[in-house]
Structures are given as structure tokens and as C-alpha cells.
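Take a look at the structure below.
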Amino acid sequence: DTGVSQDPRHKITKRGQNVTFRCDPISEHNRLYWYRQTLGQGPEFLTYFQNEAQLEKSRLLSDRFSAERPKGSFSTLEIQRTEQGDSAMYLCASSFGDQPQHFGDGTRLSIL
Amino acid sequence: AQSVTQPDIHITVSEGASLELRCNYSYGATPYLFWYVQSPGQGLQLLLKYFSGDTLVQGIKGFEAEFKRSQSSFNLRKPSVHWSDAAEYFCAVAPGGYQKVTFGTGTKLQVIP
């Protein structure tokens with residue numbers, strides 16, 4: 001069990017640029033979740049996958065956000081035309097079925 | 001819609017003292033309740049969960065929590081705090097299982113010698 005891995009750990013970009021984050025779940029886990037955590041708040045659910053199928057998306061996930069899990073293993077979260085309000089920690093978690101989620105250490109996004 | 005309130009943003013306790021972190025939830029039926037801990041710059045770790053049955057649940061690292069339906073509360077307790085417990089603690093609620101989890105805003109715990 002190598003844990004959930006997220007890359008990069010920190011991303012600094014200018015407003016209007018596109019960014020992509022990667023999450024590698026624990027290998028046998030079939031579910032993968034994305035959360036966003038802003039300063040002083042708890043994590044907010046964005047979306048989750050079961051294998052390669054994206055089963056649910058939060059209304060927080062605007063059209064500028066897209067997530068993929070093409071082969072049911074790693075996942076990417078892309079934000080297009082970043083805005084100041086996108087500055088946050090983006091957390092990935094994985095689980096085997098409806099079991100406790102294991103969280104990665106997150107990617108902190110800073111928009112200049 | 002489900003929601004969670006953690007009324008204390010920041011708590012300071014002395015090492016060795018007891019701890020209670022408050023959590024109130026709002027949900028129409030009996031919810032699934034969780035406590036998570038987050039150390040600086042890291043992800044969340046599940047401390048304990050309540051699904052049904054005994055209302056006093058034991059977790060890891062010596063933590064426990066009590067579900068009180070009449071008060072819509074799920075407070076976290078520890079009889080003797082260690083310096084390594086300094087972290088942020090999140091209460092969370094879900095309608096069933098680990099999907100659609102709603103987190104509270106967190107309580108930051110500071111432990112002083």
C-alpha cells in the first residue's frame with residue numbers, strides 16, 4: 001500500500017491559464033474522488049469515479065473543470081481559464097467500493 | 001440537505017488535559033457520521049465512524065465519539081491529549097456509506113506544554 005499520490009504538490013499559475021493535476025490511487029481501489037478545500041473550510045466534494053465511469057459531479061464543478069479516469073486507474077483534473085477563486089487545495093481520495101476513503105496529500109493551487 | 005456545524009474554530013488545550021470537540025449535524029434521518037484529522041499540508045485520515053448500533057464509538061489514537069440523536073450531536077473526545085494531536089479536526093456526515101460526504105469547517109487544535 002503506497003498510498004494515494006498527487007502531483008504536483010503545489011502549482012502556481014497566472015489567471016487565465018489552464019492547469020492539470022494528477023492523482024494515482026491505491027492500486028486495488030476502484031473508486032476515486034476529487035475534493036476542493038479552501039482556506040478555513042472543510043473539503044467539498046467535486047466528483048467521483050467508479051472504475052472509468054464518472055458517476056457523480058457536484059454543481060461546484062463548473063464547465064471550466066473536467067475530470068477523467070480513462071483506464072480506471074489514475075485520474076486527472078483539469079481547470080481551464082483559471083480564476084482567482086480557483087485557488088484552493090485539491091484533494092484526491094480512493095476507496096475499494098463503499099469503504100473508507102484514503103486521502104492524498106493534495107495539490108495546492110495558487111492563482112497569481 | 002445535510003449539513004455539519006463545528007462551532008469552535010480554534011481550541012487550545014494543555015498536554016495531558018482532556019479534549020472535547022463539538023459537532024452538530026442536520027439530516028432528516030439517521031446519518032452516517034465521521035471524524036477526520038488533517039495535519040498541516042497533508043490529506044485527511046479517518047479517526048472513527050458511526051453507522052448504527054452502540055452510540056459510543058471508539059477510534060484510532062485513543063479518540064472516541066458519542067452520537068446523541070436528541071441533540072443532533074457527535075462530539076469527539078480524548079481523555080488525555082498528546083502534543084502530536086495538534087491538527088485540524090473535521091466532522092462529516094453522509095446519508096449512507098462514504099459517498100456524498102459533507103464536511104464541517106473544522107476545528108484547529110493547539111496543544112501547549
Side-chain angles (χ1 to χ4, degrees), chain A residues 1-11 21 23-26 29-50 53-61 88-110, chain B residues 1-11 21-26 31-52 57-61 63 74 76 87-109:
Chain A
D1 182 350
T2 57
V4 177
S5 177
Q6 292 189 245
D7 182 68
R9 289 297 311 278
H10 197 175
K11 178 72 176 178
F21 311 139
C23 172
D24 286 89
I26 294 171
H29 286 184
N30 58 348
R31 289 190 182 178
L32 187 147
Y33 304 79
W34 284 100
Y35 293 85
R36 181 175 68 186
Q37 185 177 19
T38 53
L39 207 59
Q41 300 295 317
E44 297 171 291
F45 169 78
L46 292 178
T47 187
Y48 94 94
F49 294 83
Q50 179 151 311
Q54 188 173 17
L55 295 188
E56 188 161 346
K57 290 167 54 173
S58 163
R59 57 182 171 78
L60 293 175
L61 215 65
M89 175 79 86
Y90 290 84
L91 293 167
C92 176
S94 70
S95 70
F96 181 74
D98 197 22
Q99 296 297 316
Q101 297 173 26
H102 294 249
F103 283 81
D105 288 341
T107 293
R108 181 168 295 283
L109 175 64
S110 301
Chain B
Q2 62 205 36
S3 66
V4 175
T5 301
Q6 292 182 249
D8 303 306
I9 296 172
H10 189 248
I11 281 185
L21 301 182
R22 296 184 290 164
C23 171
N24 291 96
Y25 68 89
S26 174
Y32 286 46
L33 294 161
F34 313 88
W35 275 99
Y36 285 85
V37 61
Q38 185 178 33
S39 297
Q42 296 187 11
L44 284 76
Q45 181 183 23
L46 180 66
L47 286 175
L48 48 77
K49 61 185 184 293
Y50 171 78
F51 286 0
S52 65
V57 293
Q58 303 297 320
I60 62 172
K61 304 185 181 188
F63 285 93
F74 188 58
L76 182 72
E88 191 154 20
Y89 292 80
F90 293 93
C91 182
V93 62
Y98 292 92
Q99 299 174 53
K100 299 182 182 180
V101 178
T102 298
F103 289 84
T105 52
T107 297
K108 189 164 289 186
L109 174 65

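First the proteins, then the strands, lettered A, B, ... as listed; each starts at 1. It should be emphasised that the depicted structure is a prediction, and the values quoted were computed from it without experimental measurement.
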Contact class of A/E44 relative to chain B, heavy atoms under 4.5 angstrom: neither

Proximal component of B/F34, with respect to chain A [non-hydrogen, under 4.5 Å]: neither

Heavy-atom pairs under 4.5 Å with chain B, option from A/S95, A/P43, A/S58, A/G42 with the top count: A/P43

Heavy atoms from other residues, nucleotides or ligands near CG of A/L60 exceed 12 (cutoff 6.0 Å): yes

Output field: ring centroids B/Y25/B/Y50 closer than 6.0 Å: no

Short side-chain donor-acceptor distance under 3.5 Å, A/Y48 and A/Q101: no

Under 3.5 Å donor-acceptor, A/T107 side chain and A/P8 backbone: yes

Best-contacting candidate, B/K108, B/Q42, B/Q45, against chain A by heavy atom pairs under 4.5 angstrom: B/Q42

Options A/R9, A/Q6, A/Q37, ranked by heavy-atom pairs under 4.5 Å with chain B, top entry: A/Q37

Side chain, backbone, both or neither of B/Q38 within contact of chain A (heavy atoms, under 4.5 Å): side chain

Identified side chain to side chain contact (heavy atoms under 4.5 Å, CB included) partner of B/F90 from the options B/L47, B/T107, B/L44: B/L44

Heavy atoms of other groups near B/I60 CD1, more than 12 under 6.0 Å: yes

Largest heavy-atom contact set with chain A, pairs under 4.5 Å, which of B/G41, B/S39, B/C91: B/G41

